[in-house]
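Down below is the structure, laid out as structure tokens.
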Amino acid sequence: MVCYNINDDVNFTLTEYGETVLRTSYRSSVHPRNTTRTYEMSIWEMMQIFGEKMFMGNQQIFVGNKVHIRGDFDRVFGDLNECYLTGVKRIDTGGCCGGGCEI
């Protein structure tokens, strides 16, 4: 099982309804409107904005009902993959494995 921290980033695309929810939230000034309706923020912030609107039977907030979480595990895996593809010998694990790994 992968465990995520509530400070990890989540990336998502909003439906029209989701955009309306964001615009009526007190956090709307922090996240300016963009043409793709794609946003990135921490998990806790997303839940603060959309949490009370997330229940069975309500309109869809996220396109395809999907959010993409990028935690420490995902960052390290992405770095390892990049290391494999580019041949870089040192990667930054963001503190997950003590700050860096020699490969």
Side-chain angles (χ1 to χ4, degrees):
M1 174 184 358
V2 177
C3 182
Y4 292 100
N5 185 300
I6 62 169
N7 293 313
D8 287 337
D9 289 331
V10 64
N11 181 287
F12 51 85
T13 303
L14 293 174
T15 62
E16 193 172 315
Y17 172 69
E19 186 75 24
T20 300
V21 172
L22 176 61
R23 293 297 137 229
T24 58
S25 115
Y26 73 98
R27 304 282 303 164
S28 64
S29 62
V30 177
H31 301 285
R33 184 183 302 269
N34 67 57
T35 56
T36 63
R37 291 189 187 154
T38 301
Y39 297 90
E40 184 171 327
M41 60 186 71
S42 64
I43 295 172
W44 69 263
E45 186 178 14
M46 178 196 71
M47 292 308 296
Q48 233 180 3
I49 295 169
F50 303 105
E52 69 179 26
K53 303 293 185 186
M54 296 171 69
F55 58 87
M56 293 290 281
N58 198 14
Q59 298 178 55
Q60 249 186 35
I61 294 172
F62 310 108
V63 172
N65 277 330
K66 294 183 180 180
V67 296
H68 304 276
I69 302 172
R70 186 152 166 87
D72 285 338
F73 173 82
D74 302 295
R75 277 187 276 282
V76 171
F77 185 80
D79 288 346
L80 286 171
N81 188 48
E82 184 176 338
C83 177
Y84 173 76
L85 295 174
T86 64
V88 173
K89 297 292 184 196
R90 179 168 171 76
I91 61 168
D92 179 13
T93 60
C96 179
C97 302
C101 295
E102 292 291 332
I103 298 179

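Both backbone and side-chain heavy atoms feed into the values below; hydrogens, waters and symmetry mates do not.
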Pairwise salt bridge (charged side-chain N to carboxylate O under 4.0 Å, His left out) hits with a residue in residues 7-17, at least two apart: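 Residue pairs passing salt bridge (charged side-chain N to carboxylate O under 4.0 Å, His left out), neighbours aside: Asp8-Arg75.
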Group every Ile, Leu, Val, Met, Phe, Trp and Tyr by side-chain heavy-atom contacts under 4.5 Å, then state whether [X] and [Y] land in the same group.
X     : Y     : answer
Val21 : Met41 : yes
Val30 : Tyr39 : no
Val67 : Ile49 : yes

With Thr13 via side chain to side chain donor-acceptor pair (under 3.5 Å) - residues at least two apart: Thr38
Salt bridge (Lys or Arg N to Asp or Glu O under 4.0 Å) involving Glu19 - partner list, sequence neighbours excluded: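 Glu19: salt bridge (Lys or Arg N to Asp or Glu O under 4.0 Å) contacts with Arg23, Arg33.
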Residue pairs fulfilling side chain to side chain donor-acceptor pair (under 3.5 Å) with at least one residue in residues 45-62, sequence neighbours excluded: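 Checked against side chain to side chain donor-acceptor pair (under 3.5 Å) - neighbours excluded - the pairs reaching residues 45-62 are Tyr17-Asn58, Tyr26-Gln48, Arg27-Glu45, His31-Glu45.
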Approximate separation, where rounding is to 0.5 Å, of Asn5 CG and Ile43 CD1: 7.5 Å
From Ile61 atom CD1 to Met46 atom CE, the distance as rounded to the nearest 0.5 Å: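 The distance works out to 9.0 Å.
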Minimum heavy-atom distance between Asn7 and Ser42, given as atom pair plus value: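 Heavy atoms of Asn7 and Ser42 come nearest at O-CB, 3.9 Å.
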Pairing residues for Phe62 by the ring pair (Phe, Tyr, Trp, His ring centres under 6.0 Å) criterion, not counting sequence neighbours: Phe12, Phe50
Connected-component partners of Trp44 among ILVMFWY, side-chain separation under 4.5 Å: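 Trp44 clusters with Ile6.
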Under 3.5 Å donor-acceptor, Ser28 side chain and Thr24 backbone: no
